[in-house]
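Contents: one structure, followed by commentary.
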Protein chains: 2
Amino acid sequence: MEPIYLRIFKDIETKILSGDWRPGARIPKEHDLVNDYGCSRMTVSKALTALVERGLVVRKRKTGSFVASPQIDRTVMDIQDIGTEATLAGYEHRYEILTRKIETLGPVEAAQLHGTTGAEILRIQCLHIVDGKPTAIERRIILLDTVPLARNESFATVPPAKWLLSQVPWSRAKHVIRAVSADATTARILQIERGEPCLSLIRQTWQNDRMVTYVEITHPGDRFQFAGVFHPAEKRASRR
Amino acid sequence: MEPIYLRIFKDIETKILSGDWRPGARIPKEHDLVNDYGCSRMTVSKALTALVERGLVVRKRKTGSFVASPQIDRTVMDIQDIGTEATLAGYEHRYEILTRKIETLGPVEAAQLHGTTGAEILRIQCLHIVDGKPTAIERRIILLDTVPLARNESFATVPPAKWLLSQVPWSRAKHVIRAVSADATTARILQIERGEPCLSLIRQTWQNDRMVTYVEITHPGDRFQFAGVFHPAEKRASRR
DNA sequence: TAGTGGTCTAGACCACGGG
DNA sequence: CCGTGGTCTAGACCACTAT
């Protein structure tokens, strides 16, 4: 027999992960959940505590409990949004859209991303400039089937990463970090020498087994690093 | 007034982090803690649940609760022990000690590591070979003040990372990941061209504000990457 | 002030697993 | 078997904060 608190936990988790309950939405008050499930308030509380710990829920006295805002990377390392990060670190940040076009996914890429050949995608390239220096190239694919609203979004004012966070309620992500050589194009855009080492972060994101986005962010090796302080189970990380 | 469960949590946490209770040690049974703190069993249980969640404690029915084994990186990414990882991935792994000598920490390095000039250290260089190919150079400093037993350890059979995990009960760690160019020495040892991109992981570890070790692990960019799948708050990560 | 979550109790029954 | 943790109750009082 499955524990009641786990059933409550899973029910709410499902509602949130599926996007049924959007970030900021109100979660039934504890008293109501007690009635719904016919259990004691401690049991409800245990489920909600676990949801808070999982980062899906925030609780506020007097006002109630709410669906938290998605923070895919909080568990790993905070590379979610170069702009926000740079600002926090006290640097000026801006970005330019280099290209933006709608295509269909070719067979090679489809295989590489475990996606579907022919799926309609939005392909974007951005250059991020921090403190006046080119700091990252962002090469991104957004699956228009999963995020149809992207079709009409120019990304002129809101960076793709930030915009996506507001559109897709909660996600699963895969990260790969590599060291690569700058190819000719990359070198020119980042204003470095060809062959210089670059730090490459690839992130692929899904919601409910539907791919949301695939992005490769390439940083000059000498202008970027990932850093984090951790004591076990305190998950904050930062980058410089 | 601090909640009782938090007080219990902190008391036990302190005992474990300080090394007072070693990994595997028995934690007082819930009934005893109920008596010690004069509270109900639910309150004790709440504290223990939080300790499990933090990774400091494991609980077993009938047998009791115990101090967990330290797993510094479980919260971040599993790069703790190249040998174990390689074996898990199905590759053959061996390593060679290149140098091993006792020195004192010079002023430059001391400043860099926020350590004390003149502190006695053990300096080790290892080469890790996975699947027959040089895969990582490990350049490590161990503070002999903090880990005196290292003085007599040859590391001929047990890699430094693994040995340290067994010696230092629990730690705080800082990680930095960078892309760097292979210098002449590194290139020769890793059998790559000079200037080729390498992935560098630096990890500095403390126990109770005393530095334990500082290590830089340098991988050829084309033979190594960090990868992880995460859905928020499920912290498993792996590397290939 | 009133509504909400935060904590706590003093029991209870059950599930698991070592002897 | 029986000791241990796993879960649960039906209340209770308190702390915080929006109104």
Side-chain angles (χ1 to χ4, degrees), chain A residues 1-16 21-69 71 74 233-235, chain B residues 1-16 21-69 71 232-235:
Chain A
M1 191 49 192
E2 189 183 46
I4 302 173
Y5 82 91
L6 243 186
R7 204 177 132 225
I8 301 175
F9 177 96
K10 286 183 181 170
D11 283 355
I12 296 179
E13 182 190 39
T14 302
K15 287 264 202 312
I16 296 176
W21 291 356
R22 310 281 312 194
R26 203 200 167 83
I27 286 173
K29 57 190 75 165
E30 299 191 359
H31 180 71
D32 291 346
L33 290 170
V34 165
N35 285 339
D36 293 351
Y37 287 90
C39 65
S40 78
R41 202 183 135 219
M42 271 245 87
T43 304
V44 166
S45 181
K46 186 167 185 176
L48 289 179
T49 300
L51 285 161
V52 168
E53 204 283 311
R54 198 205 194 291
L56 288 176
V57 164
V58 290
R59 297 163 97 180
K60 282 205 246 295
R61 281 173 154 122
K62 164 69 182 171
T63 37
S65 300
F66 303 86
V67 178
S69 297
Q71 296 193 25
R74 213 183 48 185
E234 206 179 85
K235 301 169 238 165
Chain B
M1 190 50 190
E2 190 182 47
I4 302 173
Y5 83 90
L6 244 185
R7 205 178 131 225
I8 303 176
F9 177 95
K10 286 182 181 171
D11 284 354
I12 297 180
E13 182 189 40
T14 302
K15 287 264 203 309
I16 296 176
W21 291 356
R22 311 280 312 192
R26 202 198 169 84
I27 286 172
K29 56 191 73 165
E30 299 191 0
H31 179 70
D32 292 346
L33 290 170
V34 165
N35 285 338
D36 293 351
Y37 287 90
C39 65
S40 77
R41 204 184 133 218
M42 272 245 84
T43 304
V44 166
S45 180
K46 185 167 186 177
L48 290 178
T49 300
L51 286 161
V52 168
E53 204 283 311
R54 198 208 194 289
L56 288 175
V57 164
V58 289
R59 294 162 99 181
K60 283 204 242 299
R61 280 174 154 122
K62 163 66 185 173
T63 35
S65 300
F66 304 86
V67 178
S69 298
Q71 296 193 25
E234 205 180 84
K235 301 168 234 164

*Is a side-chain donor or acceptor of B:Arg26 paired with a backbone partner of B:Thr63 at a separation under 3.5 angstrom?*
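Confirmed, B:Arg26 side chain pairs with B:Thr63 backbone.
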_Taking the basic N atoms (NZ, or NE/NH1/NH2) and the acidic carboxylate oxygens, is any pair closer than 4.0 Å for A:Arg7 and A:Glu2?_
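Looking at A:Arg7 and A:Glu2, the cut-off is not met.
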_DNA chain D contacts made by residues 23-36 of chain A, counting heavy atoms under 4.0 Å_ =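 Residues of residues 23-36 of chain A under 4.0 Å from DNA chain D: none.
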*Those residues of residues 5-13 of chain A lying under 4.0 Å from DNA chain D by at least one heavy atom*: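 Going residue by residue through residues 5-13 of chain A, the ones with a heavy atom under 4.0 Å of DNA chain D turn out to be A:Tyr5.
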*What nucleic acid atoms does A:Ile4 come within less than 4.0 Å of, heavy atoms only: base, sugar-phosphate, or nothing?*
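A:Ile4: backbone/sugar contact only, no base atoms under 4.0 Å.
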*Between B:Gly64 and A:Arg61, who's closer to the 5' end of DNA chain D by nearest nucleotide?*
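Its nearest nucleotide being more 5', the pick is B:Gly64.
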*For DNA chain D, whose closest nucleotide is more 5', that of A:Lys46 or that of B:Lys62?*
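Per heavy-atom nearest nucleotide, the more 5' residue is B:Lys62.
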About how many Å separate [atom2] of [Y] and [atom1] of [X], when rounded to the nearest 0.5 Å?
{"X": "B:Leu51", "Y": "B:Lys10", "atom1": "CG", "atom2": "NZ", "value": "12.0 Å"}
{"X": "A:Leu33", "Y": "A:Ser45", "atom1": "CG", "atom2": "OG", "value": "11.0 Å"}
{"X": "B:Ile8", "Y": "B:Cys39", "atom1": "CD1", "atom2": "SG", "value": "4.0 Å"}

*How about A:Thr49 and A:Arg59: does a side-chain donor come under 3.5 Å of a side-chain acceptor?*
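There is such a pair between these side chains.
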Rounded interatomic separation in angstrom, taking [atom1] from [X] and [atom2] from [N]:
{"X": "B:Leu48", "N": "D:dG6", "atom1": "CG", "atom2": "C1'", "answer": "12 Å"}
{"X": "B:Met1", "N": "D:dC13", "atom1": "CE", "atom2": "P", "answer": "19 Å"}
{"X": "B:Tyr37", "N": "C:dC8", "atom1": "OH", "atom2": "C1'", "answer": "17 Å"}

_Does B:Arg41 contact D:dG6 through a side-chain donor or acceptor facing the base, at a distance under 3.5 Å?_
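Per atom types, the contact qualifies.
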Do [X] and [Y] have side chains that get closer than 4.5 Å, going by heavy atoms?
{"X": "A:Arg22", "Y": "A:Val67", "result": "no"}
{"X": "B:Tyr37", "Y": "B:Val44", "result": "no"}
{"X": "B:Leu48", "Y": "B:Ile12", "result": "yes"}

Does [N] have its OP1 or OP2 closer than 4.0 Å to a side-chain nitrogen or oxygen of [X]?
{"X": "A:Thr63", "N": "C:dG5", "result": "no"}
{"X": "A:Arg59", "N": "C:dG6", "result": "yes"}
{"X": "B:Ser65", "N": "D:dG5", "result": "yes"}
{"X": "B:Ser45", "N": "D:dG6", "result": "no"}

